[in-house]
Amino acid sequence: MNPKIPLKTPLPLYKSAPTVEPIQNARQIYIETYGCQMNVSDSELMAGILTRSGHEVVSQLEDANVILLNTCAIRENAETKVINRLKHLSYLKRKQPDLIVGVCGCMAQHLRKKLIEAAPYVDLVMGPDAYRNLPMAINAVTSADPFLGLKLDKDEDYADIAPIRKDGVRAWLTIQRGCDKMCTFCIVPFVRGRERSIPLSVLVDDVKRLVDEGFKEVVLLGQTVNSYHGEKHDFGELLFAVSEVQGIKRVRFTSPHPSDATDSMIEAMATCDKVCKQIHLPLQSGSTKVLKAMRRTYTAEEYRELVWKMRDRIPNLIVSTDVIVGFCGETEADFMETYNLMAEVRYDSAFMFKYSSREGTLAYKSLEDDVSEVEKIQRLQAIIELQGRISYEINQELIGDTVEVLVEGESRKDVAKYQGKTDGFKTAVFPKADSEIGQFVCVKVNKATSHTLIGEIVA
Ligand code: 5AD
């Protein structure tokens, strides 16, 4: 994750025009983002809220007198990383006593007061539904007590606030907040609250604004994005509506839940040219027994059928997934079902994790974290190795093909090259030739690794 967010021109800051009390003491605020795209999107929202109140959001930590960490709670290592970062920031605070350090987001909501015990020098602890109060909280910080903003609010959707995004070709647009699914392993419902959808008309206007700001691609974001139901419209209708916005070239979304993959969604994907033929469809486990313990609400067979149904309807669909190994009660045989399902589906790519028990979740309360760490690591390594091989083979088959790529920016490894994404969200790297960022180019694939297509622009 890139914690440095270079900022776009911060206007307009409102979708409507509310009145705002000017703040007394404008601060320079640096926001550092951890975790998923939803957090990146929330940091953009925080930047919008802070800027409209008269604070300045800066892109260098050295220029800041307020540092806000926007954190993740999904696995233990996400929290450990932030605790270590806070230790480092405590040194800075000793040198710069007026420095305000705040912890925002999921870890703030998860650990609550415990965070203050672990890091007593933290001045602010603000959960995902409290960002409207950030400007006030920053003003209210005293040396005596930290400011806590931890109330979850099922009505808070921030629909009226214009986020400030970094320049680019792709914008992430939150269409839904919270989650109602209650998977037993997952902390999200407890730290992000109940599911709420942003009205469809607001989102369509947002996409028009994104086009005006120069974005070519929009990624619709939600915890279970396809359970969207804004103003009685379902997710398929939203895909159609957003695709109709003039000037938007690509629409994609993340992450859908298999149980909410309706025909309306599949039809929109199949028939809207602008909707990318790509889906990130979290599997979590290939064992129906484990899926049941996870409360995923589908069987392995139903998941398998869904993938084949989508592949039938959407030729060349790119499919990726999330998998957890070592969940409570997962036997070697259960794990092998996951392994075999991955081998059968042949995902283009996968995010793979070992189970990390999270205090507050249903599994933490009622299931035993009984797979040993050694076993978890072995299982994880086995699927990483399998997936690496499959991704490599799939990408090798693309050698000689020409793929359409949206040019995103300079390659990290070679300044003479650009990189961008295909419709299927694969990264392509190629010599710049005369192309420009934001342009669609045809790239002939000459080489491929498991992660990247390497080629050259052809006419
Ligand atoms: N342990 C390990 N992985 C988890 N995920 C969510 N909760 C946990 C957990 N407790 C994974 C899931 C999810 C992804 C975002 O993170 O695979 O889809």
Side-chain angles (χ1 to χ4, degrees), residues 176 179-186 195 220 222-229 234-240 251-272 275-325 327 329-353 379 382-383 386-387 389-391 393-394 397 423-426:
Q176 172 207 59
C179 183
D180 281 352
K181 281 290 189 282
M182 289 295 165
C183 301
T184 55
F185 55 79
C186 190
E195 182 186 310
L220 309 179
Q223 228 47 250
T224 56
V225 72
N226 54 337
S227 65
Y228 176 85
H229 54 268
D234 72 8
F235 184 64
E237 288 172 277
L238 177 68
L239 285 176
F240 274 112
V251 178
R252 49 175 111 240
F253 55 88
T254 199
S255 286
H257 190 288
S259 301
D260 293 319
T262 57
D263 286 348
S264 134
M265 176 193 101
I266 298 171
E267 277 319 293
M269 290 183 72
T271 57
C272 282
V275 178
C276 295
K277 311 306 171 212
Q278 172 245 328
I279 191 160
H280 182 75
L281 196 62
L283 165 69
Q284 311 302 4
S285 171
S287 148
T288 295
K289 184 195 96 185
V290 174
L291 287 170
K292 201 161 174 207
M294 289 176 163
R295 289 210 195 157
R296 283 295 285 175
T297 68
Y298 53 85
T299 64
E301 199 43 49
E302 283 162 349
Y303 181 95
R304 192 183 268 116
E305 276 168 18
L306 173 63
V307 171
W308 295 117
K309 176 175 161 182
M310 291 193 72
R311 283 182 167 163
D312 274 350
R313 187 68 187 92
I314 309 164
N316 303 318
L317 179 71
I318 303 295
V319 189
S320 55
T321 200
D322 287 347
V323 175
I324 300 174
V325 294
F327 186 64
E330 184 188 79
T331 62
E332 187 63 27
D334 295 322
F335 166 69
M336 281 316 294
E337 289 192 65
T338 301
Y339 186 96
N340 291 336
L341 200 147
M342 290 178 76
E344 180 193 336
V345 169
R346 292 180 66 79
Y347 294 100
D348 287 82
S349 62
F351 294 118
M352 294 159 278
F353 311 101
R379 291 178 190 176
I383 56 168
L386 169 73
Q387 186 55 50
R389 218 167 351 113
I390 294 171
S391 298
E393 286 166 10
I394 291 175
E397 282 164 24
D423 181 280
F425 215 55
K426 289 184 193 264

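The residues of the chain are indexed from 1 along the displayed sequence.
- To the nearest 0.5 Å, atoms CD (E305) and OG1 (T299) are separated by 7.5 Å.
- Atom CD1 of I318 sits about 9.0 Å away from atom OG of S349, to the nearest 0.5 Å.
- Of all heavy-atom pairs spanning D260 and S227, the tightest one is OD2-CB, 3.2 Å.
- For the residue pair I266 and A261, the shortest heavy atom distance occurs at CD1-O, 4.2 Å.
- By the side chain to side chain donor-acceptor pair (under 3.5 Å) test, S391 pairs with Q387, sequence neighbours left out.
- Using modelled atom types, no side-chain atom of T338 and backbone atom of S285 make a donor-acceptor pair closer than 3.5 Å.
- Heavy-atom minimum distance, Y303 versus P282: CE1-O, 3.7 Å.
- The backbone N or O of M269 sits less than 3.5 Å from a side-chain atom of K277, completing a donor-acceptor pair.
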side-chain contact (heavy atoms from CB on, under 4.5 Å) assessment of K309 paired with D263:
CA-CA 10 Å; K309 176 175 161 182; D263 286 348; 2.8 Å; yes

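- Sorted by first and then second residue, the salt bridge (charged side-chain N to carboxylate O under 4.0 Å, His left out) pairs with a member in residues 280-296 read K289-D334; sequence neighbours excluded.
- Interatomic distance, CZ of R346 versus CZ of R389, reported as 9.0 Å (0.5 Å rounding).
- Taking both residues in full, the closest heavy atoms of T184 and A293 are given as OG1-O, 2.7 Å, listed atom of the first, atom of the second, then distance.
- Taking CD1 of I279 as the reference point, atom CZ of R311 lies at 11.5 Å (rounded to 0.5 Å).
- The two atoms that bring M342 and I383 nearest to each other are SD-CG2, 3.7 Å, heavy atoms only.
- Going from atom CE of M352 over to atom CG of D322 covers 10.0 Å, rounded to the nearest 0.5 Å.
- Using a cutoff of 4.0 Å between basic side-chain nitrogens and carboxylate oxygens, E195 and K181 are not scored as salt-bridged.
- Without hydrogens or angle criteria, D234 side chain to H229 main chain gives no donor-acceptor distance under 3.5 Å.
- Taking both residues in full, the closest heavy atoms of A300 and T288 are given as N-OG1, 3.0 Å, listed atom of the first, atom of the second, then distance.
- Taking the six-membered ring wherever Trp is involved, the centroid distance between the rings of Y228 and F253 does not fall below 6.0 Å.
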Under the side-chain contact (heavy atoms from CB on, under 4.5 Å) criterion, do E337 and L291 qualify, and how do the steps go?
CA-CA 11 Å; E337 289 192 65; L291 287 170; over 6 Å; no

Output, in order, the C-alpha distance, side-chain angles, deciding distance and verdict of side-chain contact (heavy atoms from CB on, under 4.5 Å) for Q176 and T224.
CA-CA 8 Å; Q176 172 207 59; T224 56; 3.8 Å; yes

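- Checked by atom type and distance alone, the side chain of T321 pairs as donor or acceptor with a backbone atom of L283 at under 3.5 Å.
- Inter-residue side-chain proximity for C272 and F240 is flagged as met; some heavy-atom pair is nearer than 4.5 Å.
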Do V251 and L220 pass the side-chain contact (heavy atoms from CB on, under 4.5 Å) test, and can you show the C-alpha distance, the side-chain angles, and the key distance before you say yes or no?
CA-CA 8 Å; V251 178; L220 309 179; 4.2 Å; yes

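- Atoms OH and NE2, on Y347 and H280 in that order, are 9.5 Å from each other to the nearest 0.5 Å.
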